[in-house]
Amino acid sequence: MTGADAAPLADLAEAVRRRAMLEAPHIAALTRYARSLERPGVSVPDFDPCDGGVGARLLFVMEKPGPVVFGQGGAGFVTRDDPSPTQLAARRFLSEAGIDRRDTVIWNVVPWWNGTTRVTAAELCAGAAAFEGLLELLHALRVAVLVGRKAESVRPALEARGIPVLASAHPSHQVRAAFPDRWAAIPRVWADAARCLTD
């Protein structure tokens, strides 16, 4: 099964299949990077090996892993295929934007899950510092999308490398309820990012 036709993470067998792929050539360096961020009291998810890995041209920077990543139904990946409402929306928006998942990699500005969705200034600072190590690995990166306001903390690192940066709202149900216009604009912003790959 390729990245293009990967199944949703709906059962244990699919999670096990992806976990067995974490040392594949396109993802092994990102797996090591995620492991390097581990520390007591936090959990760090893995990159999804069904995405583009180090060859990805389009980076989506979200905010922070949610409880579903490590809770019931979660598989420990940063992925569009988790069963959370946010990731189900992201999966739909990526499809509407016509983005091939093999062109993408998804990460969080705060890569650690520490039992709360709250994000502190200290976490953002630490996440931005760790983000530099990720950029060293993404040798094919052409454009980045900052998803949500907290992701803006890594804009300087991207712009310093000459990477074009776009920004969209976060595909959470809170944004959908409070800012329906911003929610509706998400696929358009993501499609603009996809067009950067063909310019």
Side-chain angles (χ1 to χ4, degrees), residues 1-7 9 17-37 44-65 69 75-82 87 90-111 127-148 150-168 170-171 186-199:
M1 186 178 292
T2 67
D5 57 12
L9 278 169
R17 185 187 77 84
R18 293 196 202 187
R19 198 143 296 286
M21 297 168 60
L22 287 174
E23 295 304 321
H26 75 292
I27 202 75
L30 297 183
T31 300
R32 290 191 296 272
Y33 167 76
R35 296 285 182 272
S36 77
L37 301 178
V44 180
D46 286 301
F47 291 83
D48 190 336
C50 289
D51 291 345
V54 295
R57 301 187 297 159
L58 175 49
L59 169 65
F60 286 88
V61 185
M62 303 187 85
E63 295 185 341
K64 184 177 183 178
V69 174
F77 295 102
V78 179
T79 176
R80 71 196 69 195
D81 298 328
D82 266 336
Q87 292 310 100
R91 183 179 173 93
R92 178 166 64 87
F93 290 153
L94 287 162
S95 177
E96 290 176 8
I99 297 170
D100 187 326
R101 73 182 298 160
R102 292 169 296 190
D103 272 328
T104 68
V105 67
I106 303 172
W107 197 236
N108 289 289
V109 62
V110 176
F131 187 74
E132 294 283 353
L134 174 60
L135 292 181
E136 293 289 338
L137 301 174
L138 299 179
H139 57 81
L141 188 60
R142 295 272 305 277
V143 61
V145 179
L146 306 180
V147 183
K150 295 177 181 68
E152 286 286 338
S153 64
V154 298
R155 181 184 287 272
L158 289 158
E159 292 182 340
R161 294 171 180 262
I163 303 297
V165 178
L166 287 76
S168 80
H170 195 275
I186 293 172
R188 294 196 294 272
V189 175
W190 293 10
D192 287 344
R195 280 190 287 273
C196 290
L197 305 182
T198 61
D199 290 345

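Here, residue 1 is the first one in the sequence, and each next residue gets the next number.
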(request) Could you tell me whether the side chain of D51 reaches within less than 4.5 Å of the side chain of R80, counting heavy atoms only? (result) yes

(request) Kindly indicate whether the side chain of F131, heavy atoms from C-beta on, has any atom under 4.5 Å from the side chain of V109. (result) no

(message) To check you understand the geometry: which heavy-atom pair defines the closest contact between A128 and V154, and what is its length?
(response) CA-CG1, 4.1 Å

(request) In plain terms, say whether D82 and R91 are close enough for a salt bridge, that is, a side-chain N and a carboxylate O under 4.0 Å apart. (result) no

(request) Please report the shortest heavy-atom distance between A193 and L58, naming the atom on each side. (result) CB-CD1, 3.9 Å

(message) Return the CG to CD1 distance between L141 and I163, rounded to the nearest 0.5 Å.
(response) 4.5 Å

(request) Starting at CD1 of I27, measure out to CE of M21 and round the result to the nearest 0.5 Å. (result) 8.0 Å

(request) Look up atom CZ in F60 and atom CD1 in I106, then write down how far apart they are to the nearest 0.5 Å. (result) 7.0 Å

(message) Just to verify, what does R161 make a salt bridge (Lys or Arg N to Asp or Glu O under 4.0 Å) with, not counting sequence neighbours?
(response) E132, E136

(request) Please tell me if the side chains of V105 and L138 come closer than 4.5 Å, counting only heavy atoms from C-beta onward. (result) yes

(request) Verify whether the ring centers belonging to F47 and W107 lie closer than 6.0 Å. (result) yes

(message) side-chain contact (heavy atoms from CB on, under 4.5 Å), that's the test. Do D192 and L166 meet it? Break it down for me.
(response) CA-CA 8 Å; D192 287 344; L166 287 76; 3.6 Å; yes

(message) Distance alone, cut at 3.5 Å: any donor-acceptor contact between the side chains of R188 and S168?
(response) no

(message) Tell me the closest heavy-atom pair linking A34 and V44, and the distance in Å.
(response) O-CG1, 3.5 Å

(message) Between C196 and R142, is there a side-chain heavy-atom distance shorter than 4.5 Å?
(response) no

(request) Would you check, one step at a time, whether the test side-chain contact (heavy atoms from CB on, under 4.5 Å) holds for D103 with L197? (result) CA-CA 9 Å; D103 272 328; L197 305 182; 3.9 Å; yes

(message) Could you tell me if the side chain of P45 sits less than 4.5 Å from the side chain of F77, heavy atoms only?
(response) no

(message) Using 0.5 Å steps for rounding, measure from the CG atom of D100 to the OG atom of S95.
(response) 11.0 Å

(request) Considering non-hydrogen atoms only, spot the tightest contact between C50 and R101 and give its length. (result) O-NE, 3.3 Å

(request) Would you indicate whether the side-chain heavy atoms of E63 and V147 approach each other to under 4.5 Å? (result) no

(message) For the backbone of A130 and the side chain of Y33, can you confirm whether one donor and one acceptor N or O come within less than 3.5 Å of each other?
(response) yes

(message) To the closest 0.5 Å, what do you measure between CG (D48) and CZ (R18)?
(response) 4.5 Å

(request) State the CG-NE2 distance between L146 and H170, to the nearest 0.5 angstrom. (result) 12.0 Å

(request) Locate the shortest heavy-atom distance separating P65 from P111; write the atom from each residue and the value. (result) CG-O, 3.5 Å

(request) Could you pull out the closest heavy-atom pair between A194 and I99, with the gap in Å? (result) CB-CG1, 3.7 Å

(request) Report yes if the side chains of Q87 and M62 come closer than 4.5 Å at any heavy-atom pair, otherwise no. (result) yes

(request) Decide yes or no for R35 and L22: does some side-chain heavy atom of the first lie under 4.5 Å from some side-chain heavy atom of the second? (result) yes

